[in-house]
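Note that ligands are numbered from 1 as they come in the structure, with each ligand's atoms numbered from 1 the same way. Side chains included, hydrogens not; waters and symmetry mates left out as well; all remaining heavy atoms used.
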Amino acid sequence: MIPFMPHTSTNYIILQSQTIYMKFFIDTANLAQIQEANDLGILDGVTTNPSLMAKEGIRGTEAINNHYKTICEMVDGPVSAEVLSTTFDEIIAEGQKLAQIHENIVVKVPMIKDGIKAIKWFTDNGISTNCTLVFSAGQAILAAKAGATFVSPFIGRIDDSSWDGVQLIEQITNIYNAQGYMTEVLAASIRNPLHIVRCAEAGADVCTCPLNSILGLLKHPLTDIGLAQFLNDAKSMQ
Ligand code: G3P
């Protein structure tokens with residue numbers, strides 16, 4: 001596994017050229033779930049968003065920052081922390097503060113005009129970014145052009161509107177490969193294990209998943225039946 005490195009231009013090139021398999025992030029701010037996924041030994045990072053943070057009952061800047069710090073100390077990998085601002089100056093001020101919490105913080109910025117400007121500024125100033133709320137290839141091109149470390153297409157929400165979210169992952173991956181963009185495609189809004197499998201097929205660099213989708217990958221009835229039979233037959237050997 002390639003360790004996450006803070007976003008300097010040199011590190012970025014090394015990281016990108018060595019990334020050869022899909023990474024698993026967990027999409028939650030729940031510490032117990034983060035711990036459970038981390039204990040599996042397959043966790044590469046964490047993504048959060050304001051809805052996930054609010055769900056944990058976290059209130060106020062100090063509590064929010066402490067929560068991000070705790071997550072960074074639990075998981076050795078990028079931790080996305082989303083800005084709540086929507087204007088350039090405010091996004092920069094807020095993102096700089098978030099980035100100071102821990103070197104693994106990735107500043108999550110919405111796909112809006114000032115967000116793109118801010119991503120370019122963060123890129124130029126060595127701060128990693130995750131461009132969020134991406135629903136089209138055009139948006140993904142802009143995010144990559146601004147130098148985003150990650151781009152987050154929301155595939156579950158696209159499926160909810162009867163479009164094919166995974167098809168967008170494939171399209172963005174093809175565009176980035178054709179153009180040589182170094183932004184990592186981070187498939188977000190994962191709703192089930194099949195999404196993870198299809199994102200792997202589509203060439204996503206990262207899949208950020210709820211814990212139950214990750215654990216769903218374990219499930220197959222023939223595994224359970226086969227194991228029960230093996231354990232039963234093994235009794236005759238004792
Ligand atoms: O973190 C962004 C994303 O994963 C949201 O997922 O299920 O709310 O569409 P969802």
Trace of the side-chain hydrogen bond (donor to acceptor under 3.5 Å, both in side chains) decision for Q35 with D39: CA-CA 6 Å; Q35 191 59 56; D39 287 346; 2.9 Å; yes
Heavy-atom nearest neighbour in the protein, as seen from atom 6 (O) of ligand 1, with distance rounded to 0.1 Å: S189 CA, 3.3 Å
Check against side-chain hydrogen bond (donor to acceptor under 3.5 Å, both in side chains), T87 and E90: CA-CA 5 Å; T87 61; E90 287 172 332; 2.7 Å; yes
N/O donor-acceptor pair under 3.5 Å between N104 side chain and C72 backbone: no
Ligand-side contact atoms (ligand 1) for residue partner F154, heavy atom cut-off under 4.0 Å: 2 (C), 3 (C), 5 (C)
Contact atoms of ligand 1, heavy-atom distance to R157 under 4.0 Å: 5 (C), 8 (O), 9 (O), 10 (P)
Carboxylate-amine/guanidinium proximity below 4.0 Å for K23 and E184: yes
For ligand 1, the portion of E82 having any non-hydrogen atom under 4.0 Å away: neither
Within-4.5 Å side-chain heavy-atom neighbours: T132 and V151: no
Ionic contact status for D27 with R191, cut-off 4.0 Å: no
Sub-3.5 Å N/O-N/O distance, T47 and ligand 1: no
Identity and separation of the nearest protein heavy atom to atom 7 (O) of ligand 1: R191 NE, 3.1 Å
Proximal ligand 1 atoms for A188, defined as those under 4.0 Å from one of its heavy atoms: 4 (O)
Any N/O pair K108/ligand 1 closer than 3.5 Å: yes
Result of checking I155, L186, I196 against C207 for side chain to side chain contact (heavy atoms under 4.5 Å, CB included): I196
Protein heavy-atom partner closest to atom 3 (C) of ligand 1 - residue, atom, separation in Å: D27 OD2, 3.4 Å
